[in-house]
Amino acid sequence: MEIRSVGVIGAGQMGSGIAHVFALAGYDVKLNDISREVLDRAMATIAANMERQVARGRITAEARDAALARIHPTLELAELGPSDLIIEAATENEELKKTIFRSITPHLAPHTILTTNTSSISITRLAATTDRPERFMGFHFMNPVPVMQLVELIRGIATDDATYQTLKAVVDRLGKTASPAEDFPAFIVNRVLIPMINEAVYTLYEGVGTVTSIDTALKLGANHPMGPLELADFIGLDTCLAIMNVLHEGLADTKYRPCPLLVKYVEAGWLGRKTRRGFYDYRGETPVPTR
Ligand code: CAA
């Protein structure tokens, strides 16, 4: 099956990045959110990120204009129903995602493939809330979507091979690389990455290092492009905590216990860059470590 039209649910940092790369690859995109303000902000972010690509000579101004014209923001979830492919990229909350899938199911075309950009939740469980578990998959992009090469493809227990092959072809057309993962908590990338970040927060909590020394250690000592605490702020501390909770509950192993300091930052509403405060304070000119 050839995919031409794509519906993206959620216009946060992942949804807007996904809309960006699909529009540039020539797909018609409907971008949905419940807030007009979020949609406006997403369109401004996409335009700014494409402008950066134009300035660096990665794409032409014509390609940018054509891609922006292919993205249609909408507040009506049902408008996405007839799309060939739907990608849910709402907040990492299982109940919210299930509610979205239940709401959109009556509006789908018979051939529509449904996917979720969840970074950790069971694909099989989410698929079971729809009328098409065989045409349902995990379609996991990395942040920042326009830059990161990888897309994890996760089959639920019922996903059919045609759906997998269709999505594999979409990843190829986006110019990205697919990595198949089985449907176990947090799949591959986050099963490895988020416990590393959690361990970095324990290192801070126990006073082994400061924010600066921990990030410098991993950047210069292990050649990571960002230190783990800087990366946590970039991903969102609420998302990191949600993934640790899924690992802890899903694998029932105490080695996945979320660090109490991570919990405290989330309780304070210090969620990282998106709230302008996390392990660093971003409210001034340059980020200032909070510990
Ligand atoms: N849109 C488009 N282009 C972007 C961009 C964006 N949002 N952000 C950066 N870029 C481009 C820049 O234009 C630049 O392009 P050129 O190579 O053409 O010059 C390139 O990316 C590098 O950017 P910068 O020079 O501004 O900055 P940098 O060298 O410090 O790199 C980074 C920034 C790519 C984000 C790098 O720090 C990095 O790779 N960090 C780690 C990111 C990571 O680990 N992501 C995975 C998070 S986990 C996840 O997403 C899974 C999950 O479910 C939680």
Asker: Only pairs at least two apart or in different chains count here, so list each ring-ring contact (aromatic ring centres under 6.0 Å, His included) that has a residue in residues 163-206.
Answerer: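 Applying ring-ring contact (aromatic ring centres under 6.0 Å, His included) to every pair that reaches into residues 163-206, excluding sequence neighbours, yields nothing.
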Asker: Could you tell me if the side chain of Lys97 sits less than 4.5 Å from the side chain of Ile121, heavy atoms only?
Answerer: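 Result yes, sub-4.5 Å side-chain heavy-atom pair found.
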Asker: Would you say Thr216 and Ser213 are linked by a side-chain donor-acceptor pair, where the criterion is simply a distance under 3.5 Å?
Answerer: no
Asker: Partners of Tyr280 by ring pair (Phe, Tyr, Trp, His ring centres under 6.0 Å), sequence neighbours excluded?
Answerer: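 In terms of ring pair (Phe, Tyr, Trp, His ring centres under 6.0 Å), with neighbours along the sequence ignored, Tyr280 is linked to no residue.
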Asker: Without placing hydrogens or testing angles, list every side-chain donor-acceptor pair under 3.5 Å for residues 224-232, not counting sequence neighbours.
Answerer:
{"from": "Glu230", "atom 1": "OE1", "to": "Gly227", "atom 2": "N", "distance (Å)": "3.2"}

Asker: Go through the side-chain N and O atoms of Tyr282 and Thr275 and say whether any donor and acceptor fall under 3.5 Å apart.
Answerer: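 Checked: Tyr282/Thr275 side chains show no N/O donor-acceptor pair below 3.5 Å.
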Asker: Using side chain to side chain donor-acceptor pair (under 3.5 Å) as the criterion, list what pairs up with Lys176, not counting sequence neighbours.
Answerer: none
Asker: For Glu152, check side chain to side chain donor-acceptor pair (under 3.5 Å) against everything at least two apart and list the hits.
Answerer: His140
Asker: Mind checking side chain to side chain donor-acceptor pair (under 3.5 Å) for Asp161 and listing every partner two or more places apart, or none if nothing turns up?
Answerer: Arg155
Asker: Return the set of residues passing ring pair (Phe, Tyr, Trp, His ring centres under 6.0 Å) with Tyr27 (not counting sequence neighbours), or none when no residue passes.
Answerer: Phe22
Asker: Is it true that Arg4 and Glu2 have a side-chain N and a carboxylate O under 4.0 angstrom from each other?
Answerer: yes
Asker: Taking distance alone, no hydrogens or angles, what donor-acceptor pairs closer than 3.5 Å link side-chain atoms of residues 243-250 to residues at least two apart or in another chain?
Answerer:
{"from": "Asn245", "atom 1": "ND2", "to": "Leu241", "atom 2": "O", "distance (Å)": "3.4"}

Asker: Any side-chain donor-acceptor pair under 3.5 Å between Glu92 and Thr118?
Answerer: yes
Asker: Please list all pairs meeting ring-ring contact (aromatic ring centres under 6.0 Å, His included) that have one or both residues in residues 89-127, counting only residues at least two apart or in different chains.
Answerer: Phe101-Phe136
Asker: Identify whether the distance between the nearest side-chain nitrogen and carboxylate oxygen of Asp215 and Lys219 falls below 4.0 Å.
Answerer: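 Salt bridge absent between Asp215 and Lys219.
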Asker: In chain order, what residues pass the ring pair (Phe, Tyr, Trp, His ring centres under 6.0 Å) check against Tyr256, with sequence neighbours excluded?
Answerer: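 Tyr256: no ring pair (Phe, Tyr, Trp, His ring centres under 6.0 Å) contacts found.
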Asker: Can a donor-acceptor pair be found between the side chains of Asp183 and Thr124 at a distance below 3.5 Å?
Answerer: yes
Asker: Under the side chain to side chain donor-acceptor pair (under 3.5 Å) test, which residues partner Arg52, sequence neighbours left out?
Answerer: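 Scan of Arg52 (side chain to side chain donor-acceptor pair (under 3.5 Å), adjacent residues dropped) gives Asn49.
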Asker: So does Asp238 pair up with Lys274, basic N to acidic O under 4.0 Å?
Answerer: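 Between Lys274 and Asp238 there is a salt bridge, with a charged N closer than 4.0 Å to a carboxylate O.
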Asker: Sequence neighbours excluded and cut-off under 3.5 Å, please list the side-chain donor-acceptor pairs for residues 61-73, or say none.
Answerer:
{"from": "Arg64", "atom 1": "NH1", "to": "Glu51", "atom 2": "OE1", "distance (Å)": "2.3"}
{"from": "Arg70", "atom 1": "NH1", "to": "Ala23", "atom 2": "O", "distance (Å)": "2.5"}

